[in-house]
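First the structure, in the form of structure tokens, and then the observations on it.
As the structure is a computational prediction, the values presented were derived from the model and not from experiment. We count residues from 1, following the sequence as given. The figures here come from the full heavy-atom set of this structure, side chains too, leaving out hydrogens, waters and symmetry mates.
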Amino acid sequence: MRFSRSYLVLIVLLAVALPACATEAAKEEQGSETAGASDAGVAAYVGDEAITLKELDQMLETQLARIRQDEYDLRARGLQQLVLSKLLNEKADEQGITLQELTAQIDANAPKPSDEAVNETYNMMKDTDQTLKAKNEEQGKKLVRQQLEAQMLQQHRDEYIGNLMADSNVRVVIEPPRVAVNIPDGEPSIGPKDAPVTVVEFADYQCGYCKRALPTIKRLIDEYGDKIHFVFRDYALQFHPRAEPAAAAARCAGDQGKYWEYHDHLMSVNGPLDDADLKKRAEQLELDMAAFAGCYESDRHTEAIRTGFADGSALGVTGTPTFFINGRMLVGAQPFAALQSVIEEELQRKAVKTQ
């Protein structure tokens with residue numbers, strides 16, 4: 001099926017006969033309209049000084065960006081429900097059955113967990129899961145089976161819906177909110193700059209959620225390869241006193257061609273991130289320690305790190321990690337599926353534009 005927008009256009013022609021000579025009241029009204037037209041783009045006046053809408057929007061950029069994103073997310077969820085409803089009803093009509101019968105048919109084909117999977121999951125969780133610890137083995141395994149069945153059912157439904165949408169001619173044309181993300185020359189990146197999708201992450205080396213996001217980012221880079229250009233930008237939060245020194249250390253390692261090795265070490269190996277810890281990490285990566293120490297003890301990379309924070313704040317970043325995928329903001333340690341969904345949308349949009 002193909003989506004197309006239909007618009008009802010109502011044209012109203014209003015003929016007004018004006019006297020040859022306007023009255024004084026009419027002249028005053030006309031003058032008021034002219035003054036109103038000259039106020040375009042102005043929010044208020046303080047005396048004779050204008051406060052423009054542009055100034056107001058710049059001051060409220062963070063709040064407005066989130067409102068625009070919330071509005072888009074709400075519309076996107078509603079659109080997904082409408083699209084899915086149409087597709088499922090069409091599928092039911094094709095098979096000559098009701099929607100309820102189709103739903104029951106889909107669920108009936110969902111796989112069931114094996115006894116081995118139930119036993120393995122139970123044995124792995126029985127000593128740490130508080131609910132399982134309160135039950136005997138038979139009750140515990142029954143609960144595990146129910147949980148696995150629910151997970152497999154949802155996965156089966158998701159796969160069915162995904163295949164149904166992939167086989168259908170669905171073309172989404174509503175545009176998500178975007179911002180222009182500044183990427184200064186020399187910022188750490190992976191992938192070609194002309195890739196169809198650019199992923200920019202603002203993150204902090206003392207942020208636990210940023211560390212949690214590392215495997216997801218690696219998987220994205222592995223699976224999408226040259227289709228994405230990944231950029232890391234420092235957003236050292238002020239209440240994380242060791243975030244900026246860690247960022248400097250990573251950039252110093254980058255001066256020796258080992259930025260990403262040091263970056264990954266910081267994100268995957270816990271430590272105090274004090275001076276001794278940061279130098280120890282450099283030793284483990286076999287860096288030239290004299291060069292590293294000279295760089296780390298200088299302010300060589302301070303401006304670049306603080307520019308990252310300023311740029312992120314101007315875009316509405318208030319916490320880490322925050323991602324921008326072709327200018328579309330996603331906040332938090334998002335699951336792989338969430339980032340993948342946006343990337344796939346962007347790749348589809350690029351493909352449509354080039355056709």
Side-chain angles (χ1 to χ4, degrees), residues 5 7 9 31-80 172-185 187 189 193 196-204 207 209-210 229-240 243-244 303-334 338-339 341-343 345-346 348-350 352-353:
R5 293 183 176 180
Y7 296 89
V9 180
S32 175
E33 290 175 357
T34 303
S38 68
D39 290 341
V42 176
Y45 290 96
V46 179
D48 293 331
E49 184 179 355
I51 297 175
T52 66
L53 287 170
K54 183 177 180 180
E55 289 178 90
L56 180 61
D57 287 352
Q58 286 176 339
M59 184 185 75
L60 300 174
E61 177 59 32
T62 299
Q63 297 95 315
L64 290 173
R66 294 193 180 278
I67 290 171
R68 288 191 290 267
Q69 186 63 49
D70 289 344
E71 180 184 36
Y72 172 78
D73 290 342
L74 182 62
R75 284 180 169 172
R77 287 193 295 270
L79 179 60
Q80 185 179 46
V172 177
V173 296
I174 60 171
E175 277 290 333
R178 301 178 190 275
V179 294
V181 182
N182 180 42
I183 304 176
D185 292 338
E187 286 298 271
S189 66
K193 291 184 178 180
V197 177
T198 296
V199 180
V200 181
E201 179 192 17
F202 285 85
D204 170 315
C207 165
Y209 293 105
C210 298
H229 178 219
F230 176 77
V231 183
F232 183 89
R233 300 216 59 192
D234 291 302
Y235 194 82
L237 294 163
Q238 295 176 351
F239 56 86
H240 284 165
E244 190 171 305
E303 182 179 354
I305 295 167
R306 293 181 180 175
T307 297
F309 186 88
D311 286 351
S313 297
L315 293 171
V317 176
T318 56
T320 54
T322 295
F323 298 91
F324 291 90
I325 302 178
N326 281 358
R328 298 170 59 178
M329 179 189 282
L330 286 87
V331 180
Q334 299 284 337
L339 296 173
S341 176
V342 178
I343 290 174
E345 281 184 26
E346 290 302 302
Q348 184 179 24
R349 289 173 190 272
K350 293 282 185 179
V352 169
K353 288 181 180 179

Examine distances only and state if a side-chain atom of S341 and a backbone atom of A338 form a donor-acceptor pair shorter than 3.5 Å.
no

Nearest atoms (heavy-atom pairs only) where N182 meets R233
O-NH1, 2.8 Å

Find the distance between OG (S189) and NE2 (H229) and round it off to the nearest 0.5 Å.
3.5 Å

How long is the gap from CD1 on I325 to CG on L330, to the nearest 0.5 Å?
5.0 Å

So how far is it from Q58 CD to L64 CG, rounded to the nearest 0.5 Å?
11.0 Å

Min side-chain heavy-atom separation T198-I183 under 4.5 Å:
yes

Which heavy atom of V42 sits nearest a heavy atom of A44, and at what distance?
CG1-O, 3.4 Å

Contacts of E346 that satisfy salt bridge (charged side-chain N to carboxylate O under 4.0 Å, His left out) - sequence neighbours left out
R178, R328, R349

Hey, what's the ring geometry for F202 with F324, parallel, tilted or perpendicular (30° and 60° as the breaks)?
perpendicular

Minimal non-hydrogen separation, P184 against D311, with atom names
CG-OD2, 4.4 Å

Is there a donor-acceptor pair under 3.5 Å between the side chain of E55 and the backbone N or O of T52?
yes

Mind checking the OG1-CG spacing from T320 to L237? Nearest 0.5 Å is all I need.
4.5 Å

For the atom pair CD (Q348) and CD (E345), what is the distance rounded to the nearest 0.5 Å?
7.5 Å

Could you walk me through whether V317 and F309 pass the side-chain contact (heavy atoms from CB on, under 4.5 Å) test, one step at a time?
CA-CA 9 Å; V317 176; F309 186 88; over 6 Å; no

Starting at CD of E201, measure out to CZ of F323 and round the result to the nearest 0.5 Å.
4.0 Å

Taking all atoms of both residues into account, what is the closest heavy-atom pair of P321 and C210, and its distance?
N-SG, 3.6 Å

Any idea which heavy atoms bring A180 and L315 closest together, and the distance?
O-CD2, 3.5 Å

Criterion side-chain contact (heavy atoms from CB on, under 4.5 Å) on Y72 and Q69, from CA distance to verdict
CA-CA 5 Å; Y72 172 78; Q69 186 63 49; 4.0 Å; yes

Backbone N or O of P196 within a donor-acceptor pair of the N326 side chain at under 3.5 Å?
yes

Taking every non-hydrogen atom, the tightest pair across Y235 and G308
CD1-O, 4.0 Å

